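Right, one structure below, let's go through it.
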Amino acid sequence: MGQMNPEEWTQQALTDSADAVWACDTIEKANSFITSLPTPMCLPNYVAGKLGLPTLDATATFIDSYEPKTGKLLYRLPRAQEKDVESAIRHARDAFQTWSKATRNERSGYLRRISELLQENRELFAVWESIDQGKMIERARIEVDRAISNFSYFSTYIIHEQTAARMVDGVALTYEHRSPAGVFALISPWNMPLYLLTWKIAPCIAFGCTAVAKPSEITSMSAYLLGILLQKAELPAGVVNIVLGDGPTTGAALVASPLVDGVSFTGGTQTGIAIRRATAHQIRKHLSLELGGKNPTLVFADSMAPTTRERTIRIAATAAFENQGEICLCGSRIYVERAAYKEFLALFTEYVANKYVLRETMGAVASAQHYSKIRGYLQLAADEKVTFNLGSVPPPVEEGGTQGYWVSPTILTDVAPDSVLLKDEIFGPVVTVCPFDDEADAVRLANDSEYGLAAVLLTTDGARMRRVGEQIEAGLVWVNCWLVRDLGTPFGGMKNSGTGREGGEYSREVFTVARTLHLPAY
Ligand SMILES: NC(=O)C1=CN([C@@H]2O[C@H](COP(=O)(O)OP(=O)(O)OC[C@H]3O[C@@H](n4cnc5c(N)ncnc54)[C@H](O)[C@@H]3O)[C@@H](O)[C@H]2O)C=CC1
Ligand SMILES: O=C(O)/C=C/C=C(\O)C(=O)O
C-alpha cells in the first residue's frame, strides 16, 4: 500500500471491501464481517462502470446508516453533490448514444445475464437486505426473487413486443415508431430497496434508456451490491449509474437536471409533489410517480362463512402486516360488515397475535425516524382514547441506541371517523378496524381518502366482486387475494397515490417516445 497515492488507496480499499461484502452469504458471516471492521465501511457510488467515492473536498459530507434490528451504525455513505450527480448524468448521456442503438437481442442478453447473476447470489442479497432494512430473511428472499423476475420479465418482453401497422382508408400505411426517451433519474425508497430499484432499472435499460439511480439513503446496501453485480455482468459502462445520497441534495439535483429526460419515482406523496414542482417547467420530462396509500380492506359478512373464514382472516392480516406494514399496498384500514364485525375482530386479533411475533416472524421498522413517526401516531391514538385491541405505544428510541426499532403489531378500534389515524399513511404495523352497514357504505368509506393506490375486497358474492370492485377508487383491487402480481398489468395509483402506470407496455410508455408515421400508397 505504501507506494499508492491516496486515490489509488481508496480504490483498493473499495475493491477489498467489495470482495469481503460479496463473501457474506449468511447472516453470521455478515455480522462477523461488520464487527471485524475497525470503522464502519463507506459505500461507494457506481458511475461509468466503476465503484468509487465522489470528490472528497471540503464540501463533502457523509450520511450514517443504522441497522434497524440493533440500532447500531452499519455503514456510511457519501452525500453525492450536484457536481457528482452531473458527472453521473454525463456518463449516462454518453452511454445512451450506443445503448439506445443496441439491438433488442443485445439488450435482452444483458438483462438475462443480470437476472442469472442475481439468482446465483440470491442468498447474499437476501442477507444484506434483511440486515439493512430490518425485514425478516424470508421476506428478503421473496423480494430478491422479484428482483430476478424484474430483469427476466423485461428481457423477454422486449423480444416479443409487437407494433401493429394499419392501412388508413386504403390511402396510407400508418405505424407507431418508438424510441428510447433518454436518460432517467430512478429514485427508490427504503421499504423494498432492491425490489423497487430493479423494478425501475430493468424496464429503463430494456427499452434502450440509460439511468442514474438513487436508492434511499436509509437502505443503500443492495444498490451497492447491484453495482458490483453489474460490473460482473459486464454491462457497458454508463448504462446504469448509481449515486448515493439524500433527497434534498442528491435526489433534488438529479431530478431537476435539464440533462435528465425522465423521472421514475417511488416514495412518499410529499416528495412526489416536490418532484412535480421541481420539474413543472420541463414539459418534455417524463414523470412516473408511485406514491403513498391508505388502502382499504373490505370484509363482507359472506366471506366469514365457515368455509372461507380462515382465508379471509389470513388475507386481511397479510395485507396489513407483511414487511411490518411497510409496503405502500398494505391494507391499513379494515372495514367489516356490521353483522360479522365482532367475530372478525376476535378471530383477526387472535390470528395476528399468534402469527406476527417480533424477531421471529416480524422484523424491525426501517429507521429511528420512521419508528418515531409510527410512535407519534400511536401516542395520538392513546390521546384520542382509541382502543388498542393489540399493541401499545412503544417507548422512544434514538439512532445509535442498542434496542433496534421494534414496533409490535397493533390493531386499533373505536377510531373516530374524522381521526387522522384513518387518513394519514402510517406505513407501519398498525391497522384500524371499523364497521360498515351495507355495500354503499363500504364503497363510501373505502373511497373516503386522498389516496387511491390499492384495495382488498373479501367476499364470496361473484356479482359483488365486480359491482364493488369497479367502484373503488384505486389503481389495484385484489379480490380474495393480495399482492398477486403480473408484471404486464398496469401498476400505479389514482388520486394522490400517483401519476402514470408501469409494467409491460405501460413501462414502455414511460421509457419511450412515440412518433406516428404515415406512408401514403403513391
Ligand atoms: N413506497 C412508498 O410508497 C413509500 C412511502 N413512503 C411514505 O413517505 C413517508 C416519508 O418517508 P421518506 O423516507 O421521507 O420518503 P421519501 O419519499 O422522502 O423517500 C423516497 C426516496 O426519495 C428521495 N427523495 C427525498 N426527497 C427528494 C427530493 N426532493 N427529490 C428527489 N428525491 C428525493 C429519498 O432520498 C428516497 O430515495 C413514509 O413515512 C411513508 O409514509 C416512504 C417510502 C416508500
Ligand atoms: O410492484 C410490486 O409488486 C410492489 C410494489 C410496492 C411498492 O411500490 C411500494 O411499497 O412502494
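Everything quoted here is computed from the prediction, not taken from an experiment. Residues: numbered from 1 along the sequence shown. Remember, it's 1-based here, ligands and their atoms both numbered in the order they're listed.
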Residue [X] vicinity, atoms of ligand 2 by number, heavy atom under 4.0 Å:
| X | answer |
| --- | --- |
| I327 | 10 (O) |
| L329 | 4 (C), 5 (C), 6 (C) |
| N191 | 9 (C), 10 (O), 11 (O) |
| T266 | 8 (O), 11 (O) |
| L196 | 5 (C), 6 (C), 7 (C), 8 (O), 9 (C), 11 (O) |

Identity and separation of the nearest protein heavy atom to [atom]:
| atom | result |
| --- | --- |
| atom 8 (O) of ligand 2 | E290 OE1, 2.3 Å |
| atom 7 (C) of ligand 2 | C328 SG, 3.1 Å |
| atom 5 (C) of ligand 2 | F491 CZ, 3.5 Å |

Pair [X]-[Y], side-chain donor/acceptor within less than 3.5 Å:
| X | Y | result |
| --- | --- | --- |
| K69 | S130 | yes |
| Y75 | S65 | yes |
| Q133 | T219 | no |

Provide the closest heavy-atom pair for V21 versus L124 in the form atom of the first, atom of the second, distance.
->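 Shortest heavy-atom separation between V21 and L124 comes out as O-CD1, 3.5 Å.
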
Separation of K200 NZ from F184 CZ (nearest 0.5 Å) |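 It comes to 10.5 Å.
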
Just one of I218, L43, L77 clears the side-chain contact (heavy atoms from CB on, under 4.5 Å) bar with I63, so which one?
->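 Result: among I218, L43, L77, L77 is the only option passing the side-chain contact (heavy atoms from CB on, under 4.5 Å) with I63.
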
side-chain contact (heavy atoms from CB on, under 4.5 Å) partner of W482, chosen from L458, N295, V456, T297 |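 Per the side-chain contact (heavy atoms from CB on, under 4.5 Å) rule, the option paired with W482 is V456, out of L458, N295, V456, T297.
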
So what's ligand 1 close to, N/O to N/O, under 3.5 Å?
{"from": "ligand 1", "atom 1": "13 (O)", "to": "W190", "atom 2": "NE1", "distance (Å)": "2.7"}
{"from": "ligand 1", "atom 1": "17 (O)", "to": "G268", "atom 2": "N", "distance (Å)": "2.8"}
{"from": "ligand 1", "atom 1": "17 (O)", "to": "T271", "atom 2": "OG1", "distance (Å)": "2.8"}
{"from": "ligand 1", "atom 1": "18 (O)", "to": "T271", "atom 2": "OG1", "distance (Å)": "3.1"}
{"from": "ligand 1", "atom 1": "35 (O)", "to": "K214", "atom 2": "NZ", "distance (Å)": "2.8"}
{"from": "ligand 1", "atom 1": "35 (O)", "to": "E217", "atom 2": "OE1", "distance (Å)": "2.7"}
{"from": "ligand 1", "atom 1": "35 (O)", "to": "G247", "atom 2": "N", "distance (Å)": "3.3"}
{"from": "ligand 1", "atom 1": "37 (O)", "to": "S188", "atom 2": "O", "distance (Å)": "2.9"}
{"from": "ligand 1", "atom 1": "37 (O)", "to": "K214", "atom 2": "NZ", "distance (Å)": "3.2"}
{"from": "ligand 1", "atom 1": "39 (O)", "to": "K373", "atom 2": "NZ", "distance (Å)": "2.6"}
{"from": "ligand 1", "atom 1": "41 (O)", "to": "K373", "atom 2": "NZ", "distance (Å)": "2.9"}
{"from": "ligand 1", "atom 1": "41 (O)", "to": "E425", "atom 2": "OE1", "distance (Å)": "2.7"}

[X] N/O to ligand 2 N/O under 3.5 Å:
| X | answer |
| --- | --- |
| E326 | no |
| R146 | yes |
| M192 | no |

Looking only at heavy atoms of W199, does any of them come nearer than 4.0 Å to an atom of ligand 2?
->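 No, W199 has no heavy atom closer than 4.0 Å to ligand 2.
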
4.5 Å side-chain heavy-atom contact, F348 and T312 =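 Not touching, per the 4.5 Å side-chain cut-off.
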
Can you find a pair of side-chain heavy atoms, one from F154 and one from I201, that are under 4.5 Å apart?
->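 With C-beta onward as the side chain, the pair stays apart.
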
So with a 6.0 Å cut-off around CZ of R141, is the heavy-atom count from everything else above 12?
->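 Check passes, neighbour count above 12.
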
How would you list, by chain and number, every residue that makes a side-chain contact (heavy atoms from CB on, under 4.5 Å) with A381, sequence neighbours excluded?
->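 Checked A381 against side-chain contact (heavy atoms from CB on, under 4.5 Å); matches are V386, F388, L412, L421.
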
Is the closest basic N to carboxylate O distance between R146 and E143 below 4.0 Å?
->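 Salt bridge absent between R146 and E143.
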
